[in-house]
Each structure stands twice: as structure tokens, then as C-alpha cells.
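Written below as C-alpha cells is the structure these notes are about.
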Amino acid sequence: MSQTANESLGEYSKPLPHIDERNSAHWEGAREGRLMIQACSDCATPRYPFAKICPHCHSVKSDWIETSGKGEVWSWCVFHRAYFKGFETEMPYNVVIVKLDEGPRLYSNLVGISNKELKIGMRVRAVFERATDAVTLVKFAQDSER
């Protein structure tokens with residue numbers, strides 16, 4: 001299933017993910033407000049990005065698990081240049097690497113705070129932003145709960 005920027009909601013002009021049979025469970029979960037990642041069926045090691053083979057035990061068996069959606073900012077940067085036209089109105093915008101409590105790290109954006117407030121170790125939780133009818137993006141917001 002592929003989605004172009006001008007489909008469905010009509011105004012979305014940023015790059016969209018390619019959705020296929022290998023990652024569709026992640027994107028279906030996001031549309032439902034759940035952050036899904038793969039986990040090895042043999043050793044239970046969670047993994048992201050999606051992979052055919054477990055990096056821990058080399059098994060080819062995997063399941064999809066729902067995460068807590070919580071984690072911490074592991075690293076971040078602020079972009080002052082729009083590499084894609086769709087980002088021009090959001091300049092400057094942040095890109096964070098979030099280490100989920102389950103272990104894997106995801107690239108995303110931290111929303112709802114100013115870039116000056118970004119800190120390594122900041123607790124965050126997943127939030128979901130509908131981009132098109134087919135794509136809901138996983139973003140993060142500061143988590144006030146400990």
C-alpha cells in the first residue's frame with residue numbers, strides 16, 4: 001500500500017512511509033493509537049526497525065507487540081533548513097531519537113514544547129498524528145508521569 005502526499009487529506013506535503021506487508025502491523029497500530037514493534041518469537045528480543053532476522057538469536061520468527069509508548073529522549077537535533085518543502089512552515093523543527101522503555105530507539109519529533117526545552121533523558125510518551133487516511137505518524141510529547 002503506497003500513499004502519495006496529495007491523497008486523502010489533500011494538504012500533507014511531507015514525505016510519507018512506504019507501507020508493505022513487512023511493516024503494516026506497525027502502521028495499523030499507529031492508526032489505532034498503539035505503538036507496535038516486532039519481537040522475536042523465540043527469545044522475545046524487541047526490535048525496531050523491522051527485520052527478517054533477530055539480531056540476538058538469528059531466528060526468523062517474530063510477532064508484533066504493543067509497547068507502552070513511553071521512553072526517554074536519547075538524542076536530538078534542531079533543523080534550521082527545510083530539506084523538504086513541507087517542513088518550511090515548521091522551521092526550526094526538532095528530530096529526536098527516543099529510546100523506548102522496551103529498548104528499541106525510534107526517530108521522530110517531540111511536539112508540544114519549544115526546542116529550547118529539549119533535554120537528553122526527558123521522559124516522553126507516544127502521541128499519534130494523522131497525516132492521511134492511510135498513515136498516522138508516531139510522534140512524542142513530554143510525559144509528566146514518572
Side-chain angles (χ1 to χ4, degrees), residues 1-9 11-87 90 92-113 115 117-146:
M1 167 184 343
S2 183
Q3 183 82 22
T4 64
N6 294 324
E7 287 182 38
S8 302
L9 298 180
E11 298 299 317
Y12 199 82
S13 59
K14 297 175 188 169
L16 291 168
H18 174 74
I19 300 173
D20 60 26
E21 66 280 349
R22 293 172 295 160
N23 63 22
S24 62
H26 172 79
W27 297 108
E28 288 169 18
R31 280 195 309 276
E32 298 167 358
R34 301 180 305 135
L35 179 51
M36 306 293 289
I37 61 172
Q38 275 184 329
C40 179
S41 299
D42 289 333
C43 73
T45 299
R47 63 183 185 251
Y48 185 96
F50 325 111
K52 290 182 182 181
I53 298 172
C54 175
H56 181 73
C57 74
H58 307 291
S59 172
V60 295
K61 299 177 192 168
S62 66
D63 294 309
W64 287 90
I65 61 169
E66 182 175 356
T67 70
S68 67
K70 294 186 177 190
E72 65 180 37
V73 174
W74 189 77
S75 185
W76 59 271
C77 67
V78 175
F79 282 76
H80 295 273
R81 178 177 176 199
Y83 292 95
F84 296 94
K85 190 167 182 61
F87 289 95
E90 297 179 14
Y93 66 93
N94 66 64
V95 174
V96 295
I97 300 175
V98 171
K99 182 177 185 225
L100 296 176
D101 289 348
E102 292 80 5
R105 294 181 182 110
L106 284 75
Y107 284 89
S108 189
N109 305 107
L110 189 58
V111 298
I113 67 167
N115 291 331
E117 297 175 82
L118 284 165
K119 292 182 183 138
I120 302 240
M122 175 183 286
R123 294 293 299 166
V124 295
R125 62 180 166 73
V127 295
F128 301 89
E129 179 183 293
R130 184 172 174 236
T132 68
D133 288 339
V135 177
T136 297
L137 301 172
V138 178
K139 304 247 176 146
F140 288 88
Q142 188 171 13
D143 188 7
S144 57
E145 294 180 18
R146 256 329 222 164

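Treat the numbers as computed from the prediction; the structure is a model and nothing was measured.
Residue pairs meeting the ring-ring contact (aromatic ring centres under 6.0 Å, His included) criterion with at least one member in residues 38-57, sequence neighbours excluded, are H26-Y48, H26-F50, Y48-F50, F50-W64. The salt bridge (Lys or Arg N to Asp or Glu O under 4.0 Å) pairs that include a residue from residues 97-112 are D101-R123, where partners are two or more places apart or lie in different chains.
In this structure, N109 contributes its side chain and V111 its backbone to no donor-acceptor pair below 3.5 Å. Distance alone, capped at 3.5 Å, is enough to place a donor-acceptor pair between the R31 side chain and the A134 backbone. Proximity of a side-chain donor or acceptor of Q38 to a complementary backbone N or O of A51 within less than 3.5 Å is detected. Of the possible polar contacts, none joining the T45 side chain to the C40 backbone as a donor-acceptor pair under 3.5 Å is found.
Remark: H58 engages I53 in a side chain to side chain contact (heavy atoms under 4.5 Å, CB included) (not counting sequence neighbours). Q142 is linked by a side chain to side chain donor-acceptor pair (under 3.5 Å) to nothing, counting only residues two or more places apart in sequence or in another chain. For K139, the salt bridge (Lys or Arg N to Asp or Glu O under 4.0 Å) partners at least two apart in sequence or on another chain are E129. K52 is linked by a salt bridge (Lys or Arg N to Asp or Glu O under 4.0 Å) to nothing, counting only residues two or more places apart in sequence or in another chain. In terms of the side chain to side chain donor-acceptor pair (under 3.5 Å) criterion, S75 has no residue partners (sequence neighbours excluded). Shown here are the side chain to side chain contact (heavy atoms under 4.5 Å, CB included) partners of A44, two or more places apart in sequence or in another chain: there are none. Taking K61 as the reference, S41, D42, S59 meet the side chain to side chain contact (heavy atoms under 4.5 Å, CB included) condition, with sequence neighbours excluded. For the salt bridge (Lys or Arg N to Asp or Glu O under 4.0 Å) test, no residue two or more places apart in sequence or in another chain qualifies with R125. For N23, there are no side chain to side chain donor-acceptor pair (under 3.5 Å) partners two or more places apart in sequence or in a different chain. For the salt bridge (Lys or Arg N to Asp or Glu O under 4.0 Å) test, residues two or more places apart in sequence or in another chain that qualify with R34 are E32, E66.
Residues K119 and V73 approach most closely at O-CB, 3.5 Å, considering heavy atoms. Contact detail for L35 and G69: the closest heavy-atom pair is CD2-CA, 4.1 Å. Between S13 and G86, the shortest heavy-atom distance links the atoms OG-CA, 3.1 Å. Across all their heavy atoms, A141 and V127 have their closest contact at CB-CG1, 3.9 Å. Counting all heavy atoms, side chain and backbone alike, T132 lies closest to R130 at O-CG, 3.5 Å. Of all non-hydrogen atoms in P92 and N115, the two that sit nearest each other are O-ND2, 3.2 Å.
Checking each of K14, K85, R81 against E90 for a salt bridge (Lys or Arg N to Asp or Glu O under 4.0 Å) leaves exactly one that passes, namely K14.
Using a 4.5 Å heavy-atom cutoff, the side chains of C54 and R47 are in contact. Side-chain contact between V124 and L110 is present, with heavy atoms from C-beta onward closer than 4.5 Å. Contact of the W74 side chain with the I120 side chain is not registered, since no non-hydrogen atoms from C-beta on lie closer than 4.5 Å.
Annotation: the span from T136 atom OG1 to F128 atom CZ amounts to 9.0 Å, rounded to 0.5 Å. With rounding to the nearest 0.5 angstrom, the CG atom of N94 is 8.5 Å from the OG atom of S108. Summarising the geometry, atom CG belonging to L16 is positioned 7.0 Å from atom CG belonging to L137; distances are rounded to the nearest 0.5 Å. Note: E28 CD to I19 CD1 = 8.5 Å, rounded to the nearest 0.5 Å. Going from atom CG of L118 over to atom CH2 of W76 covers 5.0 Å, rounded to the nearest 0.5 Å.
For Y93 and F87, the distance between ring centers is under 6.0 angstrom.
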